[in-house]
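All residue numbers refer to positions in the sequence shown, counting from 1.
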Amino acid sequence: MVFRAGVMLRAMGWVILWLRLRERLSAETVARRAAVGPQTLRDLEKGRCRNCGWTTLHDLCRALHLRLTHVERLAYRYLLRDFRHQERAHRGQANWKMVYPWSRNRAKPRIRGRAGHGTP
């Protein structure tokens, strides 16, 4: 399965948002670590950054102590899993469209912190 580049960029922003929230870090903290503006990070997370470069993504991933390839793989696996789930739900229907996780029509997932971090 291949997703368009714009969808993958949006999915990577979505994953970066959830990883940042899981670590309980503010956008300002991550942006400062990555040497980018906090608005750039917020735009990427919300899908408003259409021309975000790989260098910026790489710096943001390093600020979260992750590899860019890992975040890209997480985004792809999440989209693929979600696509297959929706495909099963729409079995037998001819022209269904995938509803992306960041769509307003979708419920927001619960954020769970890492074990041993923050409050129990």
Side-chain angles (χ1 to χ4, degrees):
M1 179 95 204
V2 177
F3 295 101
R4 294 182 325 214
V7 171
M8 278 303 294
L9 179 64
R10 179 63 178 100
M12 288 177 69
W14 176 259
V15 167
I16 287 172
L17 169 68
W18 288 106
L19 290 171
R20 178 178 66 79
L21 292 176
R22 185 185 74 177
E23 294 295 325
R24 292 181 172 89
L25 295 170
S26 68
E28 290 78 14
T29 303
V30 174
R32 190 175 347 104
R33 286 183 190 173
V36 298
Q39 192 60 47
T40 301
L41 175 58
R42 287 191 198 101
D43 286 347
L44 175 68
E45 290 174 346
K46 294 188 182 290
R48 292 188 295 234
C49 187
R50 298 280 182 229
N51 57 354
C52 184
W54 288 106
T55 306
T56 304
L57 283 170
H58 177 47
D59 292 341
L60 288 169
C61 291
R62 281 185 47 204
L64 291 167
H65 305 292
L66 299 166
R67 291 186 177 154
L68 178 60
T69 54
H70 179 68
V71 173
E72 187 177 15
R73 195 175 314 120
L74 281 174
Y76 178 77
R77 287 176 63 195
Y78 185 74
L79 282 174
L80 186 62
R81 184 176 144 261
D82 198 51
F83 173 80
R84 288 182 177 155
H85 176 75
Q86 289 184 38
E87 188 178 43
R88 280 192 303 274
H90 293 284
R91 188 169 289 153
Q93 295 177 4
N95 294 324
W96 65 275
K97 286 189 174 184
M98 181 174 176
V99 179
Y100 293 109
W102 49 85
S103 172
R104 291 183 186 183
N105 302 352
R106 296 275 302 254
K108 301 286 184 215
R110 239 181 66 220
I111 301 169
R112 288 185 228 131
R114 285 184 143 175
H117 290 78
T119 58

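- For H85, the NE2 atom is loosely surrounded, since the number of other residues' heavy atoms within 6.0 Å does not exceed 12.
- In this structure, V7 is not a member of the same hydrophobic cluster as V2, with clusters built from ILVMFWY side-chain heavy atoms closer than 4.5 Å.
- Under the 4.5 Å side-chain heavy-atom criterion for Ile, Leu, Val, Met, Phe, Trp and Tyr, L41 and W54 are members of the same hydrophobic cluster.
- Here the closest non-hydrogen pair linking Q86 and M98 is OE1-CA, 3.3 Å.
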Do L80 and Y76 pass the side-chain contact (heavy atoms from CB on, under 4.5 Å) test, and can you show the C-alpha distance, the side-chain angles, and the key distance before you say yes or no? CA-CA 6 Å; L80 186 62; Y76 178 77; 4.0 Å; yes
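- The CZ atom of R10 sits 8.5 Å away from the NZ atom of K46 when rounded to the nearest 0.5 Å.
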Should R84 and R88 be marked as a side-chain contact (heavy atoms from CB on, under 4.5 Å) after you check the CA-CA gap, both sets of side-chain angles, and the distance that decides it? CA-CA 6 Å; R84 288 182 177 155; R88 280 192 303 274; 4.0 Å; yes
Stepwise ring-ring contact (aromatic ring centres under 6.0 Å, His included) test for W96 and F83: CA-CA 11 Å; W96 65 275; F83 173 80; 5.6 Å; yes
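- Among L44, T40, D43, the single residue meeting the side-chain contact (heavy atoms from CB on, under 4.5 Å) criterion with C52 is L44.
- Ion pair R20/E45 flagged as a salt bridge, since at least one NZ, NE, NH1 or NH2 atom sits closer than 4.0 Å to an Asp/Glu carboxylate oxygen.
- For the pair R73/R77, a side-chain contact is recorded, criterion being any heavy-atom separation below 4.5 Å from C-beta on.
- Here the straight-line distance linking atom CE of M12 with atom CG of L60 works out to 9.5 Å at 0.5 Å rounding.
- A heavy-atom distance below 4.5 Å is found between the side chains of Y100 and L79.
- R32 CZ to L25 CG: the interatomic distance, rounded to the nearest 0.5 Å, is 10.5 Å.
- Distance OH/Y78 to CH2/W14: 6.5 Å, rounded to 0.5 Å.
- To the nearest 0.5 angstrom, L64 atom CG is 11.5 Å from D59 atom CG.
- Pairing each heavy atom of V30 with each of A63, the nearest pair is O-CB, 3.7 Å.
- Rounding to the nearest 0.5 Å places CG of L9 at 10.5 Å from CD of E72.
- A 4.5 Å side-chain heavy-atom check between I16 and L66 finds every atom pair outside the cut-off.
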